[in-house]
Structure formats: structure tokens, C-alpha cells
Amino acid sequence: MSTSVLAFQEVGDPLQPLLFFIHGGGVSSWMWEKQLTAFSSTYHCLAVDLPEHGKSKGQFSIGQSALKCLQLAKEKAEGKPIHLIGFSLGAQVVIDMISKDPNVAETAMINSALVNTTSFVRTGGLLALQASYPLAKYRTFAKAQANVLYIPEEQFDRYYEESKQLKRDTLVRVMRENLSYQLPSSFSSVKTKMLVTVGEKENRMMKRSLTEIKYTNEYCQDQVFTGVGHGYSLADPHGFNTVLLNWVTGERW
């Protein structure tokens, strides 16, 4: 299905609160399939394809994606509570959504969001990306990347096909947005209950971003997922789902 040029997967009870999932860069809504399955009996669940990912068209930017996701979330929730869950690029979109509309969500789970990088990191990241782009067409290289991202065997073929279809200029534009993202000035005044997470084995820049996000807004709490790198929801879906459920229901905090 699609609306406002965003494709999405939708399951669950439309009378229940909405769990709104936003994927990371280079993948699409399928990364949340274990979450959609787990929560479909108790929540209204929706996972979008960001522009230029999966089945969505249009040109990607974090700001425009946030606006489109806001429109879709409000349309689908119809006044019910909204809980936002984003990973990596999708976590940046979540930050932008609640910065644009502080009242849209009851809670947000912001997983591995990169913010306020240095020009050295941005330049180096883009150069490395451009150099490695041709390798993405090779199955062996894609398999190695999938292992780093904890993509399970049953989802690898989908990941590989989407990787092959991603154009160079699209990838560079998406990564430039990702590496250049700055916390909006309005984020400090957001009062949404936010859980900010990072994997214990993620790089120093990602961990520094978690700290910056947490100390910019008093409504943020943080959690480090032990023993994993970038992609806890794929590495340990059950563990991730437990954390998410406790956060949404307030049973842990």
C-alpha cells in the first residue's frame, strides 16, 4: 500500500495505539518484520519505506521524509497514541518528526542516531562510500555487509536485490544527509518520552551522538545494548521487542 508517496506495511488492530517503524539506510520496511509479527496481536503496526528505498518513490531527504511520515502517522492513528521507533537513518527521521511536531508521539525509541559529526568524518565517510560502491553488486561483498548488520539468512536475498538496485547518486545523497545531520534547535524543548539506544560495539561517533542527544533533552533516557554493534533489532529481535514493549507501556521506567 502507499499514501503520500510512501509505501508501507501495515498489520494489527487499527483500534489500538500505533507503533510506527522507520528503517535504516540501504534497507526498507522488511527489517521490521519480526517486530510486526510480534506486536500485530496487541497493537496497530506500520513500517514505512522511506523515499528511494523499497517501494517508495521520490527523492530522499531527512526533512521531507519527516514531514511525509508525520502526515502518514497522523492519518493512520486517527487520534490514537503514536509510538515512534527508528533505526539509524530512520532514527534521525524520528528526531526530525518530534522536533517539527512535539505533540505527535507519546513515546519515541531512537536507535543508533548519528548527530553533529565533524567535517572530517563527513568527508571521509563519503569518500569511503564512493570507493566501495562498485563492490555492492557482488554477492560476496553484500554477504559480508549483511553479516555486519545482523541481517538474517532468510532476508539476505531481499537485502542483496535492494543493494544492487540502489543508484550511486542516491546512495551518496542519502549518506550525505545521514553524515551531515544536526540536532534541530527545537529538539531541546520536546517533551516526548524518548529512549535513546546504541550498541556496545558501535563506533565512538555513534556513542558520542547518544550522549549529545541525551544531554540536549531532559526527557531522554539512554540504554546501551551489550555485545552488539549496529542493528540490535535484527541481532536479537526478542530482546529488542522486550525493551520496546517495556518502554511503550512504562513497565520498566
Side-chain angles (χ1 to χ4, degrees), residues 9 19-39 45 47-50 53-54 60 62 65 83-95 108-115 117 121 125 128-129 132 135-136 139-164 166 171 174-175 177-179 181 194-211 213 222-247:
Q9 297 186 57
L19 302 185
F20 193 94
F21 296 91
I22 310 178
H23 63 82
V27 293
S28 59
S29 57
W30 55 259
M31 75 160 285
W32 298 112
E33 286 182 352
K34 295 287 180 66
Q35 283 69 46
L36 297 184
T37 299
F39 291 106
C45 303
V48 298
D49 289 346
L50 293 171
H53 293 75
F60 176 83
I62 290 174
S65 295
H83 303 276
L84 300 175
I85 306 97
F87 169 66
S88 196
L89 188 70
Q92 294 171 320
V93 174
V94 167
I95 290 173
M109 189 175 178
I110 299 166
N111 304 282
S112 301
L114 190 64
V115 299
T117 60
V121 170
L129 177 69
S132 66
L135 298 175
R139 190 176 182 88
T140 303
F141 179 82
K143 186 66 176 177
Q145 291 296 103
N147 289 338
V148 171
L149 296 171
Y150 305 104
I151 293 172
E153 186 65 34
E154 66 269 20
Q155 292 181 317
F156 172 72
D157 286 340
R158 194 162 9 175
Y159 167 74
Y160 180 47
E161 289 304 313
E162 290 188 2
S163 295
K164 289 194 298 182
L166 203 60
L171 187 58
V174 168
M175 289 306 298
E177 287 270 325
N178 173 250
L179 292 169
Y181 187 67
M194 293 172 277
L195 179 62
V196 188
T197 77
V198 70
E200 180 187 23
K201 295 183 179 179
E202 295 205 62
N203 63 47
R204 183 171 53 187
M205 204 64 174
M206 197 67 76
K207 293 176 181 178
R208 194 179 83 176
S209 293
L210 176 144
T211 301
I213 294 168
D222 65 318
Q223 181 163 349
V224 177
F225 296 129
T226 58
V228 297
H230 196 63
Y232 182 59
S233 63
L234 289 167
D236 183 2
H238 177 73
F240 179 89
N241 293 350
T242 299
V243 173
L244 173 57
L245 180 61
N246 288 340
W247 182 250

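Computed over heavy atoms, backbone and side chain alike; hydrogens, waters and symmetry mates excluded. Position 1 is the first residue of the sequence; numbering continues from there.
Of the residues Thr242, Leu244, Val243, the one that meets the side chain to side chain contact (heavy atoms under 4.5 Å, CB included) test with Asn246 is Thr242. Between Trp32 and the choices Phe87, Phe21, Phe20, the ring pair (Phe, Tyr, Trp, His ring centres under 6.0 Å) rule is met once, by Phe21.
A donor-acceptor pair under 3.5 Å links the side-chain atoms of Tyr160 to the main chain of Arg139, judged by distance alone. Side-chain atoms of Gln92 come within 3.5 Å of backbone atoms of Leu114 as a donor-acceptor pair (strictly under, hydrogens ignored). Under the 3.5 Å distance criterion, the side-chain polar atoms of Glu200 are matched with a main-chain donor or acceptor of Gly227.
Side-chain contact between Leu166 and Val174 is absent, with no heavy-atom pair separated by less than 4.5 Å. Met109 has its side chain within reach of Phe240: a pair of non-hydrogen atoms, C-beta onward, lies under 4.5 Å apart. Using a 4.5 Å heavy-atom threshold, the side chains of Ser88 and His230 count as touching. Under the 4.5 Å side-chain criterion, counting only non-hydrogen atoms from C-beta, Leu245 is in contact with Phe39.
The two residues Gly90 and Ile22 make their nearest non-hydrogen contact at CA-CG2, 3.5 Å. Annotation for Val198 and Ser112: closest pair CA-OG, 4.3 Å, computed over non-hydrogen atoms. Here the closest heavy-atom approach between residue Leu89 and residue Gly25 is recorded as CB-N, 3.5 Å. The shortest heavy-atom contact between Ser29 and Gln9 is OG-NE2, 3.1 Å. Taking each heavy atom of Trp247 and Leu195 in turn, the nearest pair found is CZ2-N, 3.2 Å. Here the shortest heavy-atom pairing between Gly24 and Val27 reads O-CG2, 3.3 Å.
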task: Decide side chain to side chain donor-acceptor pair (under 3.5 Å) for Glu162 and Trp30; before the verdict, give the C-alpha distance in whole Å, the side-chain angles of both, and the deciding distance to 0.1 Å.
output: CA-CA 11 Å; Glu162 290 188 2; Trp30 55 259; 3.2 Å; yes
task: Go through the steps for Glu33 and Gln155 under the test side chain to side chain contact (heavy atoms under 4.5 Å, CB included), then give the verdict.
output: CA-CA 10 Å; Glu33 286 182 352; Gln155 292 181 317; 3.5 Å; yes
CA sep, side-chain torsions, deciding dist, call: Asn178, Met175, side chain to side chain contact (heavy atoms under 4.5 Å, CB included): CA-CA 5 Å; Asn178 173 250; Met175 289 306 298; 3.8 Å; yes
Full working for side chain to side chain contact (heavy atoms under 4.5 Å, CB included) between Ser233 and Met31: CA-CA 8 Å; Ser233 63; Met31 75 160 285; 3.4 Å; yes
- request: Would you check, one step at a time, whether the test side chain to side chain contact (heavy atoms under 4.5 Å, CB included) holds for Asn111 with Tyr232?
  value: CA-CA 9 Å; Asn111 304 282; Tyr232 182 59; over 6 Å; no
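Checked for salt-bridge contact, Glu161 and Arg158 miss the test: no charged N lies under 4.0 Å from a carboxylate O. Contact check on Lys143 versus Glu153 returns a salt bridge, with a Lys/Arg side-chain nitrogen under 4.0 Å from an Asp/Glu carboxylate oxygen.
In this structure, Phe156 and Tyr159 have tilted ring planes: the angle between them lies in the 30° to 60° band.
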